[in-house]
Amino acid sequence: MPNLLVSMLEAKESKDGGSCRELATTLKSTLNYDQLTNCMRCGFCLPACPTFRETGIEAESPRGRIALMKAVADGLMDPDYAFETQMNHCLGCRACEPACPADVKYGQLLEQARDSVEQHTESHRWWVKLARKTAFEGMFPHQERMRLLGGALQVYQKSGLRKLVRGAGIMKLFPKHMEQMERILPDASYRGVVEQIGSVHPALGERVGTVGLFRGCIMDVLFTETNKHTVELLNAAGFDVVIPKSQNCCGALHAHSGEQAGARELAKRNITAFKAAGVDWIASNAGGCGALLVEYDHLLHDDPEYATDAKWFAKRTLDVSKLLVEHGRLQTAAATAVAAGKEQASAPAVGCGGSCSGVSFSAADPVRITYQDSCHLRNVMRSSEAPRKLMKSVANAEFVELFESDRCCGSAGIYNLTQPEMAGQILDHKMDHVRQTDAHYLLTSNPGCLLQMKLGIEKHGMSGKMEALHLVDFLHERICKE
Amino acid sequence: MLGDSVKQKLREIVGSQWFKDDKESLITHSYDGTPMLQSLPDGVIYPENTAQVSTILKLLNEERVPVVSRGSGTNLCGGTVPVEGGVVMVMHRMNRILEVDLENLTATVQPGLNTKQFITHVEGLGLFYPPDPSSMAISTIGGNIAECSGGLRGLKYGTTKDYVIGLEAVLASGEIIRTGGKLMKDVAGYDLTKLLVGSEGTLAVVTEATLKLIPPPKTKKTMLAMYKDLYGAARTVSKIIENRIIPATLEFLDNPTIRVVDDFAKLGLPLEMDAILLIEQDGDPEMVERDIARIADICRSENAERVSIAADEAEALKLLTARRSAFTALARLRPTTILEDATVPRSKIAEMVLAINEIAERHNVTICTFGHAGDGNLHPTATTDARDKDEIHRVEAAFEEIFEAAIRLGGTITGEHGVGLVKAPYLEWKVGPAGIEVMRAIKTAFDPNNILNPGKMFAKASRKRVVLGHA
């Protein structure tokens with residue numbers, strides 16, 4: 001059997017000889033050679049890399065992957081099937097970037113490599129091609145279609161169809177990781193945050209400034225409540241919040257999957273939407289989206305029409321946690337509310353939307369909390385202190401640091417669906433550390449991480465003892481409802 | 001070249017997934033931390049135990065195939081670049097701590113063990129392993145032994161050679177030898193342990209090491225002394241030693257280094273200073289207090305603009321970690337960073353800093369200097385661009401003169417990075433023709449067929465020593 005596999009791979013390699021050469025040409029012109037040269041090969045990135053830690057294989061490290069890219073650019077090797085596989089094996093967590101003293105922009109190199117591969121690939125089967133086309137061109141760019149998808153999911157979840165499917169064991173027909181994912185998927189909504197609460201929300205008390213909320217495409221379908229809570233938190237902290245209706249998907253999934261052109265198009269539309277809204281800041285509550293938003297300047301650096309506005313946009317984008325800590329006055333408000341033992345100003349007492357169902361605590365009960373960093377929030381937006389400051393400021397909540405919270409959980413966009421084996425291995429190690437914290441709430445700052453943590457809790461039999469929540473939902477529960 | 005039948009035998013020894021000869025594996029084992037060097041091996045092998053190492057070496061010796069053993073490939077002398085092809089032997093799978101002997105205060109470990117993991121482990125047991133090369137977060141103990149790695153604590157605590165007291169190693173023939181032991185004294189014959197430490201994989205493959213551990217210091221204190229005058233900082237280094245104070249760490253950073261390190265680590269270092277000294281003392285609290293106060297006085301008497309003491313251990317650790325990034329951080333300035341480790345007697349530090357700057361200016365190249373000044377070990381680092389052939393040529397010429405200057409001051413061409421490929425042409429300058437002869441004879445005794453890391457240590461031809469126009 002292994003021999004058969006080897007001969008299949010060999011057949012594939014020889015068949016791809018022609019397109020391989022074309023790909024090599026594209027890679028040579030696309031990869032930033034200065035960045036490739038800037039890698040000193042000092043190896044400081046190796047201990048930061050999840051796939052290197054799992055395998056111990058040099059090729060599975062940032063230094064190794066850059067060496068492979070450079071070898072292709074130098075004509076030392078063909079970008080064969082193994083090359084493509086290795087590029088896809090990277091989680092894209094970018095933990096190597098803060099670890100790199102030479103400041104090599106690994107994330108950009110990876111995207112350039114993947115984009116080139118994608119332009120030439122013939123390896124996708126027809127249904128993968130169709131799925132990619134549907135998702136990248138037909139779905140993500142259109143928020144109203146995303147909502148329809150959310151609606152369909154809602155029908156599935158609420159109509160009894162889910163019960164039927166689960167009862168009949170239909171999910172058993174899917175790979176194990178898909179089956180597990182289906183179980184932990186939160187209740188979807190076909191009405192997004194704007195449809196539910198409108199797009200303009202004035203600050204409570206003295207006004208600090210105007211924030212444009214980036215609602216996100218998946219966030220707005222699967223985590224609409226979190227978006228609503230974000231608005232309320234920002235209002236409570238003194239921000240006017242506007243949610244521009246014409247914004248769309250950030251383009252991160254496109255950019256990370258080698259669809260640069262699609263990502264640029266989406267970026268332009270978002271820039272136009274927020275520019276028109278006249279905001280002081282743009283708030284993101286998803287590390288994965290935020291990381292691309294702050295790199296719009298790089299994404300559009302050679303676009304004559306948008307380069308300047310892209311810089312404007314990138315400079316103003318902050319994660320909601322950093323915005324609250326650095327510019328908001330939420331903590332004072334929370335502290336006063338707690339001290340006075342009364343309901344805070346006029347923060348509406350909304351329910352927690354089913355997101356806090358697993359573990360029941362009232363806002364005043366003492367709880368232990370821990371935090372899994374969103375890789376892109378930490379490594380790209382470079383924001384790891386702000387969420388911790390917020391968590392530590394919450395009354396009756398004891399914050400315990402999760403060992404290696406700065407390491408990827410294996411979610412990595414859609415990596416857990418495309419590379420289930422490696423993702424599962426990484427998740428298992430992560431959950432060993434999570435268990436040690438003995439926390440009631442495991443908080444995160446990104447929907448992908450949140451789903452992965454929910455999956456981990458379910459998979460490792462910790463449901464009922466621990467619950468994964470978005471940091472915003474936890475803060476909302478604890479602060480706005482005091 | 002590696003024939004198919006040899007490849008097949010190698011697969012049989014380690015199992016087929018642990019021998020690789022695909023392009024990806026060859027490319028990713030064609031380099032180490034040294035700039036501008038790349039050479040493809042013919043295969044990569046990952047042995048699991050000493051017996052496998054022995055069988056592999058026996059086979060490759062019979063077949064006359066070169067073997068380059070390596071850990072994480074972070075060395076800076078081209079020591080693990082397979083310049084003559086052959087097989088790269090990665091020791092990562094042999095990464096266990098076999099024993100920590102709390103009665104004898106020793107640890108026995110396998111070579112693929114990560115240095116930092118080891119340090120953290122023994123610290124957890126209330127013990128101390130001082131060698132701390134800047135690459136320790138990724139380097140391996142085996143790699144440290146092969147290169148006799150130094151680090152920031154070298155001046156007070158010595159380097160790797162001072163902590164390796166016993167070895168198990170496999171000779172080129174496949175024979176397994178054991179040297180030393182858990183012994184503080186042992187004069188039974190030549191000291192093969194010390195000979196193998198720093199032998200750069202040219203004499204044998206280390207498969208197990210017994211390391212000496214010591215009790216940790218009770219406290220430590222870290223301070224920064226900042227200078228507008230580069231030479232005042234350099235003179236301070238010699239003055240501290242002259243005053244019979246041996247700090248645990250005494251690091252020197254010049255202005256460009258301060259800038260790039262701060263850009264990376266965001267410490268708020270004083271960017272307007274020409275040089276800073278990063279000084280740490282450890283030991284009993286009273287002694288530490290007294291030494292730090294005296295060092296501060298010496299700094300001020302040598303015209304330090306400011307002296308500040310780290311508020312707590314976290315801040316101290318940040319400073320030391322930032323210093324460890326200096327070499328790579330300099331790559332922010334230009335694409336290629338070439339770093340050397342010329343070392344002089346500690347009293348000559350100021351003279352050496354002067355010489356480096358004068359040489360750099362004369363050759364019209366940028367050389368930043370930082371390093372473990374306290375043990376006389378400087379890291380003059382050229383920031384350049386490998387694609388500019390003319391400039392690279394001038395950098396090479398400058399470094400030749402720096403080696404020459406170091407030797408003239410009673411120093412050496414390399415203090416801790418090793419000879420490897422890049423300094424092989426200059427080895428004779430330091431040890432003389434008779435010294436080279438003896439070393440070659442030792443090499444032949446261990447490895448008669450020259451299969452272990454060939455092309456390293458001994459150059460095909462030595463460089464003609466540059467004769468400087470001035471004394």
Side-chain angles (χ1 to χ4, degrees), chain A residues 2-3 6 9-10 13 20 32-49 52-53 55-72 74 76-87 89 96-104 382 385, chain B residues 16-17 20 22-35 37-38 40 44 46 70-76 88 90 92-93 95 112 114 116-117 134-139 260-261 263-266 322 324-339 385-387:
Chain A
N3 284 337
V6 170
L9 289 180
E10 278 166 358
E13 280 176 45
C20 209
N32 182 332
Y33 200 81
D34 281 340
Q35 290 294 335
L36 291 175
T37 321
N38 281 353
C39 172
M40 308 268 311
R41 296 171 172 171
C42 69
F44 277 38
C45 54
L46 271 68
C49 176
F52 177 75
R53 293 223 318 178
T55 63
I57 302 288
E58 175 80 16
E60 300 262 4
S61 75
R63 180 174 70 170
R65 292 191 178 105
I66 290 175
L68 293 173
M69 292 179 210
K70 187 160 186 293
V72 170
D74 288 341
L76 255 171
M77 90 180 254
D78 291 327
D80 55 8
Y81 181 67
F83 174 84
E84 192 181 321
T85 309
Q86 192 49 262
M87 294 306 128
H89 222 219
C96 47
E97 288 188 31
C100 176
D103 200 23
V104 174
R382 304 284 169 109
E385 283 306 311
Chain B
S16 58
Q17 79 269 39
K20 296 173 191 283
D22 57 304
K23 203 66 190 259
E24 177 181 287
S25 301
L26 303 185
I27 294 278
T28 51
H29 292 83
S30 62
Y31 54 80
D32 56 26
T34 323
L37 293 180
Q38 187 160 25
L40 291 182
V44 182
Y46 304 78
R70 66 165 244 181
S72 299
T74 54
N75 78 85
L76 299 164
V88 169
V90 182
H92 275 164
R93 290 175 75 206
N95 61 0
N114 175 274
K116 192 169 176 199
Q117 270 174 23
S134 291
S135 58
M136 68 182 188
I138 185 58
S139 72
V260 290
V261 165
D263 192 31
F264 168 58
K266 311 272 186 278
R324 290 195 175 99
S325 72
F327 152 57
T328 318
L330 281 165
R332 289 173 182 236
L333 299 177
R334 301 280 303 280
T336 311
T337 309
I338 305 178
L339 155 107
D385 189 335
R387 290 164 289 189

Check your understanding: Is there a donor-acceptor pair under 3.5 Å between the side chain of R65(A) and the backbone N or O of M87(A)?
Key -> no

Check your understanding: If you tally heavy-atom pairs under 4.5 Å against chain A, which of P335(B), A322(B), S16(B) wins?
Key -> P335(B)

Review point. Is the closest basic N to carboxylate O distance between R332(B) and D263(B) below 4.0 Å?
Key: yes

**Study point:** Spacing of S61(A) atom OG and Q86(A) atom CD [to the nearest 0.5 Å]
**Key:** 8.5 Å

Check your understanding: Can K23(B) and D80(A) be said to form a salt bridge (Lys or Arg N to Asp or Glu O under 4.0 Å), step by step?
Key -> CA-CA 9 Å; K23(B) 203 66 190 259; D80(A) 55 8; over 6 Å; no

Check your understanding: Which bit of C100(A) comes within less than 4.5 Å of chain B, counting heavy atoms only: side chain, backbone, both or neither?
Key -> backbone

Practice item. Please look at D22(B) and chain A and tell me whether the side chain, the backbone, both or neither of the residue comes under 4.5 angstrom of a heavy atom of that chain. Key: neither

Study note, to complete from the structure: Scored by heavy-atom pairs under 4.5 Å with chain B, the best of G56(A), G64(A), C45(A), C42(A) is C42(A)

Practice item. Count the heavy-atom pairs under 4.5 Å between each of V104(A), I66(A), L68(A), D34(A) and chain B, then report the option with the highest count. Key: L68(A)

Review point. When you measure from the side chain of D74(A) to the backbone N and O of L76(A), does any donor-acceptor pair fall under 3.5 Å?
Key: no

Review point. Could you go step by step and tell me if H29(B) and E58(A) meet the side chain to side chain donor-acceptor pair (under 3.5 Å) rule?
Key: CA-CA 8 Å; H29(B) 292 83; E58(A) 175 80 16; 5.5 Å; no

Check your understanding: Just how far is it from atom CG of L330(B) to atom OG1 of T337(B), taken to the nearest 0.5 Å?
Key -> 6.0 Å

Point to revise | Side chain / backbone / both / neither for K116(B) at chain A, heavy atoms under 4.5 Å | key: neither

Review point. With only heavy atoms counted, which part of S25(B) is less than 4.5 Å from chain A, the side chain, the backbone, both or neither?
Key: neither

Point to revise | For chain A, the option from P35(B), G73(B), A386(B) that forms the most heavy-atom pairs under 4.5 Å | key: G73(B)

Check your understanding: For chain A, which of R93(B), E24(B), H92(B) has the most heavy-atom pairs under 4.5 Å?
Key -> E24(B)

Point to revise | Part of L37(B) within contact of chain A (heavy atom distance under 4.5 Å) | key: backbone

